[in-house]
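First listed ligand is number 1; within each ligand, the first listed atom is number 1. Predicted model, so just to flag it, every value in this text is computed and none were measured. All residue numbers in this chain count up from 1 along the given sequence.
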Amino acid sequence: MSVDQVVGRFAPSPTGPLHFGSLIAAVGSYCLARRKGGKWLLRMEDLDPPRVVPGAADEILSALESLGLFWDGEVVWQSQRTEAYIEAVERLRKKGLVFDCVCSRKEILLSAPHPGEDGPIYPGTCRTGLRPGRKPRALRIEVSKEQICFCDGVFGHLQQVLSEAVGDFVLRRADGLFAYQLAVVVDDEAEGVNQVVRGADLLSSTPRQIFLHACLGNPVPEYVHLPLVMGSNGKKISKRHGIVRLDYENNAARLIAQALNFLGQAIPGCLQGAPPAEILSWAIQNFDQNRIPVAPEGIILKDFPI
Ligand code: GLU
């Protein structure tokens, strides 16, 4: 039996410099792909122009280089992938799975009293056709009532019924931009990604992505979600909120060691003061997925300048 080569990836959004939370995703996805001699790809998720911060993509790329996290092949830019997203939507349309929706946010809120995983649960208003005189806004996919089950590499068995948790979700937004859920699935498939390692904030998006893979007839990748880094205020740290720029050029080894430590990997004392490449080479050989802490609430980082 031939075993497929692991193809992992890191897919940052260039909304700011690489913060400690994204560093965890970078180091975790790198080690889990390389550990099995796999490829590690890099995709810049610059799908949403208003959120893209000029210079952030370059800053992320040079931070990864300073850390010695070298990716395979060319960087893929989502802003250049529009054709592929259009084609995927057409395939879904031919299968009768997508529909135009005229509802405004306010209308959905009014008709959907229960909050879902990601805002109000769409009540299916436009499934059966557009109301006369109204212009289509977003494009949605009709979800099923089936339970979507998967086994996450850290968080174990999880399931979700999309019709109850999110409802028919958006593939193309009212502003014409393709939604993250669609883009990530189309790109992971096109790049042959079979291992998705990322922050646990995306756990609740995973059933939507598994559903889309199934609708498009794609194989479903393996998923590994990493615990989130929380600030001392108990909130997830993010690029958009008060970050301290990390000095990747001068502190690469220390930052990699801290990321590995956060992921439960006990680095031997003899690697104290070793260059980044040496720490990474130890990590590739010794990274143990079973040691990643299962922390649904995230882990508060007290002694770190985040
Ligand atoms: N672009 C997303 C982020 O920076 C990650 C998407 C993914 O890994 O699927 O949070």
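Heavy-atom neighbours of Glu146 CD from other residues, nucleotides or ligands within 6.0 Å: at or below the threshold of 12. Annotation for Gln272: atom CD does not count as buried by contact number, only 12 or fewer foreign heavy atoms lying within 6.0 Å. Enclosure of atom CZ in Arg127 by more than 12 non-hydrogen atoms of other residues, nucleotides or ligands within 6.0 angstrom is indicated.
Between Arg34 and Asp72, at least one side-chain nitrogen of the basic residue sits less than 4.0 Å from a carboxylate oxygen of the acidic one, meeting the salt-bridge criterion. For Arg43 and Glu191, the salt-bridge test passes: some basic side-chain N is under 4.0 Å from an acidic carboxylate O.
Leu216 is not listed as a side-chain neighbour of Glu189, based on a closest heavy-atom distance of 4.5 Å or more.
Annotation for ligand 1: atoms under 4.0 Å from non-hydrogen atoms of Arg198 are 7 (C), 8 (O), 9 (O). Near Arg9, with a cut-off below 4.0 Å to any heavy atom, the atoms of ligand 1 are 7 (C), 8 (O), 9 (O). Applying the 4.0 Å criterion to heavy atoms of Val184 picks out, from ligand 1, the atoms 9 (O). Under a 4.0 Å criterion applied to the non-hydrogen atoms of Ala11, ligand 1 contributes the atoms 1 (N), 2 (C), 3 (C), 4 (O), 5 (C), 6 (C). Set against the non-hydrogen atoms of Tyr180, the atoms of ligand 1 under 4.0 Å away are 6 (C), 7 (C), 9 (O). Heavy-atom contacts of Glu45 reach the following atoms of ligand 1: 1 (N), 2 (C), 5 (C), 6 (C) (cutoff under 4.0 Å). Near Ser13, meaning under 4.0 Å from any of its heavy atoms, are these atoms of ligand 1: 1 (N), 2 (C), 3 (C), 4 (O).
Minimum interatomic distance between Ala63 and Tyr248 (heavy atoms only, all atoms of both residues): CB-CD1, 3.5 Å.
The distance criterion of under 3.5 Å between nitrogen or oxygen atoms is not met by Asp201 with respect to ligand 1.
At a 4.0 Å heavy-atom cut-off, ligand 1 does not touch Val196 at all.
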